[in-house]
Amino acid sequence: MAIKPVNIENLTVLQELYRKFWTKFNHISSSNEDFNKEFKVHKIPSIRYYQDYSVGKCYQICIKINFKQELVAIQAYFNNMSVYSDFFFKHRDRIELMIGKRLIWERKTTKGYAQLNLNISSSINDMANWDNICNEIIPNAVSMKRVFELF
């Protein structure tokens with residue numbers, strides 16, 4: 001399903017802030033060769049706190065920002081719990097070693113999905129930091145996707 005353009009005149013202050021961040025992110029990521037090889041850059045910026053990137057049948061990469069909590073996270077969502085439990089979870093230490101960072105592993109059995117979180121500490125509320133934040137997100141998202149493709 002294609003993302004439809006929204007009427008930007010009716011956005012809340014928070015939605016407008018998300019739109020501005022994702023516009024910046026999409027611009028920076030579109031000029032990154034590695035990101036373009038691994039992901040399809042969004043043509044229309046999100047007005048939500050996240051942008052999803054479908055990368056396989058059993059998981060997707062989601063980049064989230066939260067202005068209230070000053071949080072930036074790259075997440076892998078697994079809609080196939082057996083893939084998460086039986087395969088990826090067995091290789092936890094190896095995956096973290098290859099990515100080079102400690103991940104937060106969460107299993108949401110009541111909701112039927114699992115996720116891995118790679119949190120990036122940042123001052124997301126300061127627009128002057130957005131270029132640096134985008135430039136930190138991009139290689140980590142690429143790394144996460146490439147590591148999972150090895151398994």
Side-chain angles (χ1 to χ4, degrees), residues 1-80 83-84 87-88 91-92 94-106 108 111 113-151:
M1 184 166 102
I3 299 174
K4 297 179 183 177
V6 295
N7 182 351
I8 61 172
E9 295 172 7
N10 297 328
L11 297 180
T12 66
V13 172
L14 188 56
Q15 287 174 324
E16 178 61 22
L17 197 55
Y18 287 133
R19 188 185 71 77
K20 286 180 181 178
F21 177 83
W22 293 120
T23 298
K24 168 74 76 179
F25 180 81
N26 294 344
H27 174 72
I28 292 173
S29 64
S30 68
S31 62
N32 183 287
E33 188 177 321
D34 288 336
F35 193 87
N36 283 301
K37 283 180 186 176
E38 301 297 336
F39 302 104
K40 182 178 178 184
V41 176
H42 290 264
K43 293 180 181 176
I44 300 170
S46 178
I47 59 169
R48 298 183 187 123
Y49 63 95
Y50 65 91
Q51 282 193 156
D52 284 327
Y53 297 88
S54 180
V55 291
K57 291 183 178 181
C58 61
Y59 79 96
Q60 64 188 23
I61 298 289
C62 180
I63 301 170
K64 291 186 175 183
I65 56 173
N66 187 318
F67 290 104
K68 292 177 184 175
Q69 296 177 353
E70 291 249 338
L71 175 73
V72 177
I74 303 165
Q75 299 177 320
Y77 279 94
F78 298 85
N79 58 11
N80 183 329
V83 170
Y84 177 82
F87 194 69
F88 285 102
H91 301 285
R92 177 183 185 151
R94 185 170 172 219
I95 289 170
E96 289 180 346
L97 182 65
M98 292 170 76
I99 291 174
K101 297 190 176 173
R102 176 74 61 204
L103 301 173
I104 301 166
W105 299 69
E106 295 181 85
K108 312 270 186 176
K111 296 186 179 184
Y113 71 89
Q115 65 188 31
L116 298 177
N117 297 317
L118 173 58
N119 293 336
I120 298 172
S121 59
S122 64
S123 293
I124 189 77
N125 290 320
D126 184 355
M127 289 181 175
N129 292 332
W130 285 6
D131 282 6
N132 292 335
I133 292 168
C134 292
N135 287 319
E136 189 172 353
I137 291 170
I138 291 168
N140 282 298
V142 169
S143 176
M144 188 177 281
K145 181 178 183 273
R146 287 180 177 168
V147 166
F148 292 151
E149 287 177 338
L150 298 175
F151 292 94

May I ask you to decide if [Y]'s main-chain N or O and [X]'s side chain share a donor-acceptor pair within less than 3.5 Å?
X: Q60; Y: Y77; value: no
X: N129; Y: I124; value: no
X: S143; Y: P139; value: no

Could you list the residues that satisfy side-chain contact (heavy atoms from CB on, under 4.5 Å) with [X], not counting sequence neighbours?
X: Q69; answer: N66, L71
X: N32; answer: D34, F35, I138
X: N132; answer: none
X: S31; answer: none

I'd like to know if R146 pairs up with E149 as an ion pair, taking the criterion as any Lys NZ or Arg NE/NH1/NH2 lying under 4.0 Å from an Asp or Glu carboxylate oxygen. no
Nearest-0.5 Å distance, [atom1] of residue [X] to [atom2] of residue [Y]:
X: D126; Y: I133; atom1: CG; atom2: CD1; answer: 8.0 Å
X: T23; Y: I44; atom1: OG1; atom2: CD1; answer: 10.5 Å
X: I65; Y: E70; atom1: CD1; atom2: CD; answer: 11.5 Å
X: K68; Y: L14; atom1: NZ; atom2: CG; answer: 6.5 Å

Heavy-atom closest pair, residues [X] and [Y]:
X: E38; Y: V142; value: CG-CG1, 4.0 Å
X: V41; Y: S30; value: CG2-CA, 3.9 Å
X: M144; Y: I61; value: SD-CD1, 3.8 Å
X: Y50; Y: K64; value: CB-CG, 3.7 Å
X: Y53; Y: I63; value: CE1-CD1, 3.7 Å
X: S46; Y: W22; value: O-CD1, 3.3 Å

Would you sort out whether E96 and W105 count as a side-chain contact (heavy atoms from CB on, under 4.5 Å), showing the intermediate values? CA-CA 11 Å; E96 289 180 346; W105 299 69; 2.8 Å; yes
side-chain contact (heavy atoms from CB on, under 4.5 Å) assessment of Q51 paired with N26: CA-CA 10 Å; Q51 282 193 156; N26 294 344; 3.0 Å; yes
Once salt bridge (Lys or Arg N to Asp or Glu O under 4.0 Å) is applied, what residue pairs with a partner in residues 40-50 remain, sequence neighbours excluded? none
With side chains defined as the heavy atoms from C-beta onward, is the minimum distance between F21 and C134 less than 4.5 Å? yes
Please step through side-chain contact (heavy atoms from CB on, under 4.5 Å) for the pair I137 and I120, ending with a clear verdict. CA-CA 8 Å; I137 291 170; I120 298 172; 4.0 Å; yes
Holding to side chain to side chain donor-acceptor pair (under 3.5 Å), I want the full list of residues that pass it with N117, two or more places apart in sequence or in another chain. Q75, E106
Check: F67 ring centre within less than 6.0 Å of Y18 ring centre: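 Close enough - the centres of the two rings lie under 6.0 Å apart.
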Give the C-alpha distance, both sets of side-chain angles, the deciding distance and a yes or no for side-chain contact (heavy atoms from CB on, under 4.5 Å) between M127 and K20. CA-CA 9 Å; M127 289 181 175; K20 286 180 181 178; 4.2 Å; yes
